There are 2 protein chains.
Amino acid sequence: MKLLRNTLLETFVTVVECGGFTDAQYALGITQSAISIRIRDLETALGYRICERGRGGFRLTERGEIAYRKAGDILRSARDFDAELLELRGTTTGDLRIGTIDAVNTLAELNLAQVLKRFLDRPNEVQLEVVVASPTELTQKLITGDLHVAIAPFRNQVPELTYTELCQEEHRLYCGQDHPLFDLPDDQIDLDVISQHQICQRSYNILVSPVLQTAQPKATVANMEAMAMMIETGHFLGPLPVHFIKNWAHRDRLRELAPDKLNWNSTFYLATRPSLAQRRAVEILVQDIVKSCKRGQES
Amino acid sequence: MKLLRNTLLETFVTVVECGGFTDAQYALGITQSAISIRIRDLETALGYRICERGRGGFRLTERGEIAYRKAGDILRSARDFDAELLELRGTTTGDLRIGTIDAVNTLAELNLAQVLKRFLDRPNEVQLEVVVASPTELTQKLITGDLHVAIAPFRNQVPELTYTELCQEEHRLYCGQDHPLFDLPDDQIDLDVISQHQICQRSYNILVSPVLQTAQPKATVANMEAMAMMIETGHFLGPLPVHFIKNWAHRDRLRELAPDKLNWNSTFYLATRPSLAQRRAVEILVQDIVKSCKRGQES
DNA sequence: TGTTCACATGAGGTATTTTTATGTAAATAA
DNA sequence: TTATTTACATAAAAATACCTCATGTGAACA
């Protein structure tokens with residue numbers, strides 16, 4: 001049910017996402033002619049062409065590009081508006097857009113999958129959407145309203161958002177089985193030896209180089225699996241979360257290096273925009289997450 | 001022309017503002033029955049009653065109150081959205097909501113009336129709205145998008161907004177003709193004498209008491225005319241902008257006190273939200289204001 | 001050159017919305 | 001008490017908007 005329905009804008013956005021009228025038919029549940037008319041009407045209202053279409057392919061015009069972005073924004077806030085008003089009725093409804101960094105599913109203390117399961121088990125009409133991005137992107141998306149909640153090790157906390165501490169994540173340094181250090185006995189491995197080797201750096205979160213005082217890292221990755229793969233090549237050392245290794249298929253092909261000397265902790269936070277915390281759906285999910293984390297730490 | 005037209009919400013907001021269906025007919029240009037149906041439809045969609053109506057008078061329910069506020073917000077941002085998309089067409093259009101503190105019209109260096117005149121003289125379809133409020137309220141309204149630009153002596157500047165310095169405003173201390181100090185020769189008036197008397201304090205802006213080290217002020221006003229009237233009672237001394245006095249009808253009934261020792265300057269700023277500065281209408285107005293101020297200072 | 005693809009257009013029908021006319025209930029007046 | 005007015009609700013008819021179906025058009029491609 002839609003309070004703030006706007007057929008023209010919704011059509012436009014769907015058409016862009018489907019890459020043309022023909023496919024959008026099925027997404028919108030109307031015929032291609034209806035779409036054609038709606039887009040024409042929108043263009044008439046705007047006074048300029050928003051997209052080129054036809055046999056040559058579908059393409060947004062320059063202005064159409066801007067219009068598309070703005071339309072997406074306003075439709076998102078319209079959906080939130082709907083949800084807010086409908087929740088006054090007593091039901092839990094609307095979109096719930098959650099963001100995390102990658103590889104959170106193996107964080108035992110949090111157990112996000114379990115939390116989501118519990119949330120979905122409750123009677124509600126909420127539509128979940130999960131986005132994976134870097135902490136910086138998550139922060140941005142929270143502020144613009146793209147996301148309702150996000151979970152990540154937020155190092156730079158901004159005043160617009162509220163943060164709740166969730167749990168710790170321990171990182172250690174690893175090498176692959178083809179790496180020269182793989183077969184070296186423990187007593188021959190110290191920081192000096194380690195610092196002779198190339199490090200693969202994650203583009204956010206743990207910074208290894210300062211501790212080891214190695215040169216600029218030759219490789220940078222923005223994803224945990226990518227990091228694991230780079231390490232598996234045997235060319236790089238790299239930090240990985242302990243919980244991640246436990247679930248990594250080839251964990252026997254990786255070796256921890258000086259775990260007692262080299263380990264880093266990052267704190268995971270749950271972030272929300274205070275104004276959105278009013279939404280019942282958001283409220284419930286946040287409580288679920290926090291509760292799950294407390295339980296995770298006790299056990 | 002409306003891109004994001006929402007008949008139900010617009011009807012609701014108008015009905016609330018008109019205080020009932022009957023008056024809203026004329027505002028909306030439809031019959032009372034249509035309004036009745038629209039409100040019923042909105043209530044059906046929401047699942048709860050938003051207002052009590054009938055012979056006993058019109059009244060919002062508790063939830064209706066919340067819905068009304070949220071509806072106002074979303075409609076405002078919908079209008080802004082419209083304006084942004086329509087301006088891509090090349091025309092200058094949309095709402096332009098300006099906020100100031102009171103008594104800016106006599107600020108010779110700024111000459112806001114002249115600026116607005118010039119703006120309206122240009123060919124455009126912009127709808128102006130001017131709001132007068134305190135700096136704190138103006139800041140709030142800018143952040144929420146209630147206002148596009150505001151002019152005031154912003155002492156507490158927040159990072160969400162951008163500020164442009166405009167001009168200075170000089171305040172001096174005055175007394176009314178019935179005040180004991182009114183007829184005292186200049187050489188008998190010094191800070192000690194002055195500090196014996198009651199001060200009328202403005203609820204924001206110039207703080208007189210710290211300088212004079214007088215007791216807590218007995219009277220507080222939130223408006224320049226109110227201040228002038230309090231001073232005219234002969235019971236209070238109070239600060240007023242010099243430019244304001246020049247245009248005050250009863251300026252011969254007021255007397256400046258120790259203008260060489262007691263004068264305060266406040267700096268006027270123009271504040272906008274960076275994201276809104278993109279709007280052509282906002283851009284043009286801001287340029288007009290800044291230009292007018294520069295001219296004002298030269299002459 | 002003909003065919004196909006992706007959209008545009010027009011006629012006709014269906015849905016939605018509005019108006020007109022009238023009904024109802026509460027407050028006020030007689 | 002009863003009549004009247006006020007403010008809104010409702011039903012049916014009228015008007016309008018919207019969609020589908022059938023068909024047209026023009027660019028790309030075989």
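Heavy-atom basis, side chains included; hydrogens, waters and symmetry copies ignored. The model shown is predicted, which means the values in this text are computed figures rather than measured ones. Throughout, a chain's letter reflects where its sequence line sits, starting with A, and its residues are numbered from 1.
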Tell me the interatomic distance from [X], atom [atom1], to [N], atom [atom2], rounded to whole angstroms.
| X | N | atom1 | atom2 | result |
| --- | --- | --- | --- | --- |
| B/Asp23 | D/dC8 | CG | C1' | 13 Å |
| B/Ile50 | D/dC8 | CD1 | C1' | 14 Å |
| A/Phe58 | C/dA8 | CZ | P | 10 Å |
| B/Glu43 | D/dA9 | CD | C1' | 12 Å |
| A/Asp41 | C/dC7 | CG | C1' | 15 Å |
| B/Ile39 | D/dT10 | CD1 | P | 14 Å |
| B/Ile35 | D/dT10 | CD1 | P | 15 Å |
| B/Gln25 | D/dT6 | CD | C1' | 13 Å |

Quick test of your reading of the model: are [X] and [Y] salt-bridged, counting only N-O distances below 4.0 Å?
| X | Y | answer |
| --- | --- | --- |
| A/Lys70 | A/Asp73 | no |
| A/Arg53 | A/Glu43 | yes |
| A/Asp95 | A/Arg279 | no |
| B/Asp146 | B/Arg97 | no |
| B/Lys117 | B/Asp121 | yes |

Side-chain donor-acceptor contact under 3.5 Å, A/Arg89 with A/Thr91: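 The answer is yes; a qualifying pair exists.
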
Nucleic acid footprint by protein, nucleotides 19-30 of chain C - heavy-atom cut-off 4.0 Å, B for base, S for sugar-phosphate alone: BBB----BS---

Name of the residue among A/Ile50, A/Leu75, A/Leu46 meeting side-chain contact (heavy atoms from CB on, under 4.5 Å) with A/Phe12: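 Exactly one candidate clears the test, A/Ile50.
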
B/Asn6 and A/Asn6: CA distance, side-chain angles, deciding distance, side-chain contact (heavy atoms from CB on, under 4.5 Å) verdict: CA-CA 8 Å; B/Asn6 188 287; A/Asn6 188 289; over 6 Å; no

A/Gln127, CD atom: more than 12 neighbouring heavy atoms under 6.0 Å: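 For A/Gln127, atom CD is not crowded (no more than 12 foreign heavy atoms under 6.0 Å).
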
Sugar-phosphate, base or nothing in reach of A/Thr22, heavy atoms under 4.0 Å: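 Touches sugar-phosphate only.
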
DNA chain D contacts among residues 14-21 of chain B, heavy-atom distance under 4.0 Å: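 Contacts with DNA chain D under 4.0 Å: B/Gly20, B/Phe21.
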
Short side-chain N/O contact to C/dC7 OP1/OP2 from A/Arg40, under 4.0 Å: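 Looking at the OP1 and OP2 atoms of C/dC7, neither is under 4.0 Å from any side-chain N or O of A/Arg40.
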
Distance test, side-chain N/O of A/Arg53 to OP1/OP2 of D/dA27, below 4.0 Å: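 No, no such contact exists.
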
Side chain A/Glu125, main chain A/Thr93, donor-acceptor under 3.5 Å: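 No, A/Glu125 side chain to A/Thr93 backbone: no donor-acceptor pair under 3.5 Å.
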
Test item: A/Val15 and A/Phe58 side chains (from C-beta on) under 4.5 Å apart, heavy atoms: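 Touching, per the 4.5 Å side-chain cut-off.
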
End-to-end axis angle, where each axis spans five pairs of the helix from C/dT1-D/dA30 to C/dA30-D/dT1, to 10°: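 Answer for the end axes of this duplex: 10°.
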
